[in-house]
Amino acid sequence: MLHSENTQPISDGDWEYQWAPYDLPTYQTVLKQLLPDDIVLDIGAGDLRLARQMAETVCKVYGVEINPAILNQGVDQSESLPGNLIPICADARVMDIPSEVTVGVLLMRHCAHFKVYADRLKEIKCPRLITNARWRMGVETIDLLAPRIKLEIVKIGWYACWCGAVGFKNGPVELLTPETDAIINEVIECPDCLHHKSKN
Ligand SMILES: C[S@@+](CC[C@H](N)C(=O)[O-])C[C@H]1O[C@@H](n2cnc3c(N)ncnc32)[C@H](O)[C@@H]1O
């Protein structure tokens, strides 16, 4: 197992430090969105239960977990780790992300550092992030390299922001049609951005 020296403190009472595995339907949604050539960065991999499943269908998986006790549970299981699964005990907010990563997986509904992860993956030109961090219950695949517009340009409708916030922008009701209601506008500079900036 690899250990990183770069670790920022997360207090024990912090939501993000709590390990809570997700259910099979959630994992299946993630697995369906992976490609055979993918090199995955599993952020907050817990006991590697999803990482093991992903390793069966993709090229390589880096399973990053900040809590050594949880990660050790996954490493020490009777079934040895597949050769293409690399467990890393590190803080994913500050570790060196391998530049070969093609997709991030962030199953962390209460994630308060979405923008940190999105920024870091974009820095290495990673094109996709599969996550439930923005919509909480729903897993989405985010195109990290797609252009984003300022929220002020959206006249009415749903938005998902680079900072991790989501919401509905009110506007002239006559513009709200089934088509505009079905669109999620990828934006920057939403009202929550300032708040997130101060937290991160
Ligand atoms: C909600 S659990 C999900 C675990 C795993 N994805 C699963 O489905 O079993 C979130 C995990 O992320 C880990 N975590 C939180 N912040 C982290 C960070 N900055 N770097 C690495 N792991 C982190 C927590 O310790 C916890 O195990």
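Quantities reported herein were computed from a predicted structural model and do not represent experimental measurements. Both ligands and their constituent atoms are indexed starting at 1 by order of listing.
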In terms of hydrophobic clusters joined by side-chain contacts under 4.5 Å, are [X] and [Y] together?
X: L24; Y: V139; answer: yes
X: I70; Y: V61; answer: no
X: V30; Y: L48; answer: yes

Any atoms of ligand 1 less than 4.0 Å from a non-hydrogen atom of [X]? List them with their elements.
X: Y22; result: 1 (C), 3 (C), 8 (O)
X: Y27; result: 7 (C), 8 (O), 9 (O)
X: P21; result: 7 (C), 8 (O), 9 (O)
X: W19; result: 4 (C), 9 (O), 26 (C), 27 (O)
X: A90; result: 20 (N), 21 (C)

### Reported CZ-to-NZ distance for the pair R93 and K115, which is rounded to 0.5 angstrom
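These two atoms lie 14.5 Å from each other.
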### Message
As an exercise, state the distance from CG of D119 to NE2 of H113, rounded to the nearest 0.5 Å.
### Response
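One finds 12.5 Å between CG of D119 and NE2 of H113.
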### Task
Would you check, one step at a time, whether the test side chain to side chain donor-acceptor pair (under 3.5 Å) holds for D181 with W158?
CA-CA 7 Å; D181 193 41; W158 294 100; 3.1 Å; yes
Give yes if a backbone or side-chain nitrogen or oxygen of [X] is under 3.5 Å from a nitrogen or oxygen of ligand 1, and no if not.
X: E65; result: yes
X: A20; result: no
X: D91; result: yes
X: N67; result: no
X: A92; result: yes
X: Y117; result: yes

With a 4.0 Å cut-off on heavy atoms, is [X] touching ligand 1?
X: C111; result: no
X: L107; result: yes
X: Q18; result: yes

### Query
Heavy atom under 4.0 Å from ligand 1: found in M108's side chain, backbone, both, or neither?
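Near ligand 1, M108 shows its side chain, while the N, CA, C and O stay back.
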### Message
I'd like to check R128 versus D143 (side-chain heavy atoms, cut-off strictly below 4.5 Å). Are they in contact?
### Response
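In short, these two side chains do not touch, never coming nearer than 4.5 Å.
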### Task
Have a look at P68, A69, G44, A112 and point out the one with the heavy atom closest to atom 6 (N) of ligand 1.
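The nearest heavy atom belongs to G44.
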### Message
Any carboxylate oxygen within less than 4.0 angstrom of a Lys/Arg side-chain nitrogen, looking at K60 and D38?
### Response
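A salt bridge is absent here (no side-chain N lies under 4.0 Å from a carboxylate O).
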### Message
I'd like to know if E186 and R134 make a salt bridge, using a cut-off of under 4.0 Å between side-chain N and carboxylate O.
### Response
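A salt bridge links E186 with R134.
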### Task
Test Y62 against every option in L85, I39, D42 by the side-chain contact (heavy atoms from CB on, under 4.5 Å) rule and name the one that passes.
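Filter result, single survivor: I39.
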